[in-house]
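One-based numbering along the sequence shown. Only a predicted model underlies this, so the values are computations on that prediction, with no experimental measurement involved.
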Amino acid sequence: MLDVPHATTTEHNETHFDLRKEAEAAGITDTLQQLEQELVGLKPVKSRVRQIASLLLIERIRQRAGLVSAPPTLHMSFTGNPGTGKTTVALRMAKILHGLGFVRRGQVISVTRDDLVGQYIGHTAPKTKEILKKAMGGVLFIDEAYYLHRPDNERDYGQESIEILLQVMENQREDLVVILAGYGERMTSFFASNPGFRSRIAHHIEFPDYAEAELLVIAELMLKERGYRFSTAAREAFEKYIALRRTQPFFSNARSIRNAVDRIRLRQADRLVSDLDRMLDVADLETVDPADVLASRVFSGGADTRSAKS
């Protein structure tokens, strides 16, 4: 036996394993392919997810081979700006964990500070415990986790929630995976102020911002899913839109692109209906024209970007 906490051995039953069949049976192959299709770019993230999936697959096979087995620590930290795919990756990770039997349910319970921390004495513990009860057996995704800790407010109850979370992450880590998410710099400060979290996190995954070319691909995929396409001139106009929007406040990567696509559809519909006497064909209904893009306030100085409008 290795000197590893909770290390166990099982009876030696199997000696040969078909890795492809094992991965397919656990749903890993399909889940990784789905992740590849859902998210443009993010190669470092996808690579890390693949590594974690491989570790879990081999761990399960080792158990069946009767080798020493220690349940891996699975709590994670996802850092990056909004709209970079953190929630999507959490959903796919839960599916992998469930397929391999490391969690009982493939669910993700997504929460923020407001779901965990109360506003008066005696309110926080019940709120936190209720969320943990719902998440048990699956994945708990805490977005903007650093807001749990507010050292400048002596009457803040976030520390009580943190202490409960830390205890559960340690004592029930074989029945719950916690993913902490948020901006990189703020998460670094949060871990520095709460070393108990850092010591319990096994996998730190950084989500980079999308490049302009990747954002264009995302927009075209979103349009295609909705039955639209850019004209050549509209595509060029949207390239200019991306370059401008990225420099303005509250830009949120793919989330901002999704909002832009929704407004483009709105403008296209308004343009078509403005002439009720015209006859429309399928091409008219499918095609986004330059005017549908260039009417955005982004091109007139980005007015009212405070509300993340396009």
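Listed for the Arg173 side chain is a donor-acceptor partner under 3.5 Å among the backbone atoms of Glu170. At least one donor-acceptor pair under 3.5 Å links the side chain of Ser300 to the backbone N or O of Arg297. Side chain of Thr84 to main chain of Pro208: no donor-acceptor pair is present (N/O by atom type, distance under 3.5 Å, no hydrogens or angles). Although no hydrogens or angles enter the test, the distance criterion places no donor-acceptor pair under 3.5 Å between the side chain of Asn171 and the main chain of Val168. Gln268 places a side-chain N or O within 3.5 Å of a backbone atom of Thr287 that can act as its donor or acceptor partner. Checking side-chain atoms of Ser161 against main-chain N and O of Val117 turns up no donor-acceptor pair under 3.5 Å. With hydrogens and angles disregarded, no donor-acceptor distance shorter than 3.5 Å links the side chain of Ser193 to the backbone of Phe190. Looking at Gln107, its side chain does come within 3.5 Å of a backbone N or O of Lys134 through a donor-acceptor pair. Judged by distance alone, with hydrogens and angles left aside, the side-chain atoms of Ser274 form a donor-acceptor pair with the main-chain N or O of Arg271 at under 3.5 Å. Listed for the Asp18 side chain is a donor-acceptor partner under 3.5 Å among the backbone atoms of Lys21.
Enclosure of atom CG in Leu280 by more than 12 non-hydrogen atoms of other residues, nucleotides or ligands within 6.0 angstrom is indicated. Counted within 6.0 Å of CD on Glu24, heavy atoms from surrounding residues, nucleotides or ligands total more than 12; the atom is thus considered enclosed. Within 6.0 Å of CD on Glu206 lie no more than 12 heavy atoms contributed by other residues, nucleotides or ligands. In the displayed structure, Arg278 atom CZ is contacted under 6.0 Å by more than 12 heavy atoms of other residues, nucleotides or ligands.
Shortest non-hydrogen contact noted between Val40 and Tyr210 is O-CE2, 2.9 Å. Taking every heavy atom of both residues into account, Asp284 and Leu272 meet most closely at O-CD1, 3.9 Å. When all heavy atoms of Ser231 and Pro290 are compared, the pair lying nearest together is OG-CD, 3.7 Å. The nearest pair of heavy atoms linking Glu214 to Gly41 is OE2-CA, 3.5 Å. When all heavy atoms of Thr79 and Gly184 are compared, the closest pair comes out as CB-CA, 3.8 Å. Of all non-hydrogen atoms in Ile257 and Ile242, the two that sit nearest each other are CD1-CG1, 4.2 Å.
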Test Arg92 against Glu38 for salt bridge (charged side-chain N to carboxylate O under 4.0 Å, His left out), laying out the working first. CA-CA 10 Å; Arg92 298 300 154 243; Glu38 287 178 329; 2.8 Å; yes
Quick one: do Gln167 and Gln172 satisfy side-chain contact (heavy atoms from CB on, under 4.5 Å)? Show the steps, please. CA-CA 8 Å; Gln167 184 178 20; Gln172 296 178 261; over 6 Å; no
Apply side-chain contact (heavy atoms from CB on, under 4.5 Å) to residues Gln159 and His149 and explain how you reach the verdict. CA-CA 6 Å; Gln159 190 60 38; His149 182 67; 3.6 Å; yes
Please assess Phe230 against Glu220 for the test side-chain contact (heavy atoms from CB on, under 4.5 Å), listing each intermediate value before the final yes or no. CA-CA 7 Å; Phe230 284 125; Glu220 290 182 311; 3.9 Å; yes
Under the criterion side-chain contact (heavy atoms from CB on, under 4.5 Å), I'd like the reasoning laid out for Leu180 against Met76: C-alpha separation, chi angles, the key distance, then a yes or no. CA-CA 6 Å; Leu180 307 177; Met76 306 178 195; over 6 Å; no
Criterion salt bridge (charged side-chain N to carboxylate O under 4.0 Å, His left out) on Arg186 and Glu144, from CA distance to verdict: CA-CA 9 Å; Arg186 292 186 182 181; Glu144 297 184 310; 5.3 Å; no
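Ring orientation note: the planes of Phe191 and His204 are nearly perpendicular, at an angle over 60° on the 30°/60° scale.
Remark: Lys46 engages Glu36 in a salt bridge (charged side-chain N to carboxylate O under 4.0 Å, His left out) (not counting sequence neighbours). The salt bridge (charged side-chain N to carboxylate O under 4.0 Å, His left out) search around Arg198 returns none, not counting sequence neighbours. Residues satisfying the salt bridge (charged side-chain N to carboxylate O under 4.0 Å, His left out) test with Arg246, not counting sequence neighbours, are Glu212.
The structure places CG of Leu42 at 10.0 Å from NZ of Lys86, a figure rounded to the nearest 0.5 Å. Atom CG of Asn194 is separated from atom CD of Glu163 by 9.5 Å, given to the nearest 0.5 angstrom. One finds the CG atom of Leu74 at 5.5 Å from the NE2 atom of His203 (value rounded to the nearest 0.5 Å). Arg48 contributes atom CZ, which lies 10.0 Å from atom CZ of Phe78 (distance to the nearest 0.5 angstrom). Between Glu174 atom CD and Thr73 atom OG1 the span is 9.5 Å, to the nearest 0.5 Å. Atom CG of Leu100 is separated from atom CD1 of Ile28 by 4.0 Å, given to the nearest 0.5 angstrom.
The closest side-chain heavy-atom distance from Tyr228 to Glu286 is not below 4.5 Å. Using a 4.5 Å heavy-atom threshold, the side chains of Leu19 and Ile58 count as touching. By the 4.5 Å heavy-atom criterion applied to side chains, Leu165 and Leu132 are counted as neighbours. Side-chain contact between Leu166 and Arg200: present, with at least one pair of heavy atoms (C-beta onward) separated by less than 4.5 Å. When side chains are defined from C-beta on, Ile109 does not count as touching Phe141, because their heavy atoms never get closer than 4.5 Å. A 4.5 Å side-chain heavy-atom check between Ile96 and Val49 finds at least one atom pair inside the cut-off. Looking at heavy atoms from C-beta onward, Val261 lies in side-chain contact with Arg226 at the 4.5 angstrom threshold. The side-chain heavy atoms of Leu294 and Lys240, taken from C-beta on, include no pair separated by under 4.5 Å.
Under the 4.5 Å side-chain heavy-atom criterion for grouping Ile, Leu, Val, Met, Phe, Trp and Tyr, Leu55 is not connected to Ile179 through any hydrophobic cluster. Hydrophobic clustering (ILVMFWY, side-chain heavy atoms < 4.5 Å, transitive): Ile205 and Val103 are in one cluster. Using a 4.5 Å cut-off between side-chain heavy atoms of Ile, Leu, Val, Met, Phe, Trp and Tyr, with links allowed through other members, Met169 and Val108 fall into different hydrophobic clusters. Taking hydrophobic clusters as Ile, Leu, Val, Met, Phe, Trp and Tyr residues chained together by side-chain heavy-atom distances below 4.5 Å, Met187 does not share a cluster with Val89. Using a 4.5 Å cut-off between side-chain heavy atoms of Ile, Leu, Val, Met, Phe, Trp and Tyr, with links allowed through other members, Phe17 and Phe102 fall into the same hydrophobic cluster.
The only option from Phe299, Phe238, Phe251 that meets the side-chain contact (heavy atoms from CB on, under 4.5 Å) definition with Arg245 turns out to be Phe251.
Ion pair Arg104/Asp175 flagged as a salt bridge, since at least one NZ, NE, NH1 or NH2 atom sits closer than 4.0 Å to an Asp/Glu carboxylate oxygen.
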